[in-house]
Amino acid sequence: DTAVSQTPKYLVTQMGNDKSIKCEQNLGHDTMYWYKQDSKKFLKIMFSYNNKELIINETVPNRFSPKSPDKAHLNLHINSLELGDSAVYFCASSQDLSFFNEQFFGPGTRLTVL
Amino acid sequence: AQSVTQLGSHVSVSEGALVLLRCNYSSSVPPYLFWYVQYPNQGLQLLLKYTTGATLVKGINGFEAEFKKSETSFHLTKPSAHMSDAAEYFCAVSHQGAQKLVFGQGTRLTINP
């Protein structure tokens with residue numbers, strides 16, 4: 001069983017479209033994250049949720065809206081996609097907000113905006 | 001604010017040679033330090049971490065790292081490189097009460113046959 005899963009794995013779309021990426025974890029963790037990895041492999045946190053509540057919004061444009069229907073799921077919806085949104089997006093989870101805990105990462109979603 | 005600097009965006013070693021990936025951090029409070037590995041087209045996975053206690057930390061796949069407070073470093077080593085070690089390696093830092101993990105820019109490790 002995959003611990004942290006994301007769908008889709010690849011997403012190719014036109015500028016201006018709206019798209020969603022889904023993430024699920026079956027580890028029973030309380031905390032989930034979205035990270036963006038750019039073309040130079042730089043990894044930066046976008047959002048974190050703890051028990052469905054938003055903890056961090058790291059100066060991400062309003063076009064990005066995370067939604068956590070329950071603590072096992074954290075989806076990412078992106079409106080009005082722009083060229084600069086092209087990146088690999090990783091979902092991750094950890095047991096709780098204690099930052100000595102390991103974070104478990106999903107396989108990533110490669111988003112290409114044309 | 002915390003930060004991490006990984007010296008060398010690309011390191012190339014021969015199979016069987018020593019692997020040394022450098023990481024220096026900046027933190028005004030006692031840090032938690034991590035090394036994650038990313039294999040091609042995969043997510044990151046934890047290699048090892050330092051929180052408190054013994055400063056020499058052993059991880060998976062024969063890797064280890066030593067926390068040196070005086071040098072603000074947490075370099076990753078492996079005595080003998082294997083072809084399967086080829087990957088991107090990320091150093092990261094946080095601390096008690098932190099709200100996020102801060103990653104370095106990554107080091108790509110290439111293993112030559």
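Chain identifiers are assigned alphabetically (A, B, ...) following the order of the sequence lines, protein sequences preceding nucleic acid strands; residue numbering begins at 1 within each chain.
Shortest non-hydrogen contact noted between A:Asn101 and B:Lys49 is CA-NZ, 4.1 Å.
Proximity to chain B (any heavy atom under 4.5 Å) is shown, for A:Gln103, by both the backbone and the side chain. For B:Gln38, the part lying near chain A is the side chain, with the backbone staying farther off; criterion is any non-hydrogen pair under 4.5 Å. Interface remark: B:Gln45 contributes no atoms to any contact with chain A (heavy atom separation under 4.5 Å). Interface remark: A:Phe90 contributes side-chain atoms only to the contact with chain B (heavy atom separation under 4.5 Å). Proximity to chain B (any heavy atom under 4.5 Å) is restricted, for A:Lys9, to the side chain, taken from C-beta onward. Of the atoms belonging to A:Leu43, heavy atoms from both backbone and side chain fall under 4.5 Å from chain B. Heavy-atom distances place no part of B:Tyr50 under 4.5 Å from chain A, backbone and side chain included.
In terms of hydrophobic clustering, with Ile, Leu, Val, Met, Phe, Trp and Tyr side chains grouped at heavy-atom distances under 4.5 Å, B:Tyr39 and B:Val19 are assigned to a common cluster. Hydrophobic cluster membership differs between B:Ile60 and B:Leu18, with clusters built from Ile, Leu, Val, Met, Phe, Trp and Tyr side chains linked at under 4.5 angstrom. Under a hydrophobic-cluster definition in which Ile, Leu, Val, Met, Phe, Trp and Tyr are linked whenever side-chain heavy atoms come within less than 4.5 Å, directly or via other members, B:Leu20 and B:Leu109 are assigned to different clusters. Residues B:Tyr32 and B:Phe63 fall into different hydrophobic clusters, defined by Ile, Leu, Val, Met, Phe, Trp and Tyr side chains chained together at heavy-atom separations under 4.5 Å. Note on B:Val57: it clusters hydrophobically with B:Tyr25, by side-chain heavy-atom contacts below 4.5 Å among ILVMFWY residues.
Taking a 6.0 Å sphere around CD of A:Glu102, one finds it holds more than 12 heavy atoms contributed by other residues, nucleotides or ligands. In this structure, A:Lys71 places its NZ atom where more than 12 heavy-atom neighbours from other residues, nucleotides or ligands lie under 6.0 Å away. By the neighbour-count criterion of 12 heavy atoms within 6.0 Å, atom CG of B:Asn41 is sparsely surrounded, having that number or fewer from other residues, nucleotides or ligands.
For the pair B:Phe90/A:Lys41, a side-chain contact is recorded, criterion being any heavy-atom separation below 4.5 Å from C-beta on.
Here A:Ile56 is the residue among A:Ile45, A:Val88, A:Leu97, A:Ile56 with the most heavy-atom pairs under 4.5 Å with chain B. Between chain A and the options B:Ala98, B:Ser9, B:Gly106, heavy-atom pairs under 4.5 Å are most frequent for B:Ala98.
Two rings, from B:Tyr36 and A:Phe105, have their centers less than 6.0 Å apart. Centroid-to-centroid, the aromatic rings of A:Tyr35 and B:Phe103 come within less than 6.0 Å.
Using a cutoff of 4.0 Å between basic side-chain nitrogens and carboxylate oxygens, B:Lys100 and A:Glu58 are scored as salt-bridged.
Separating the NZ atom in A:Lys44 from the CG atom in B:Leu101 is a distance of 14.0 Å, to the nearest 0.5 Å. B:Thr52 contributes atom OG1, which lies 9.0 Å from atom CZ of A:Phe100 (distance to the nearest 0.5 angstrom).
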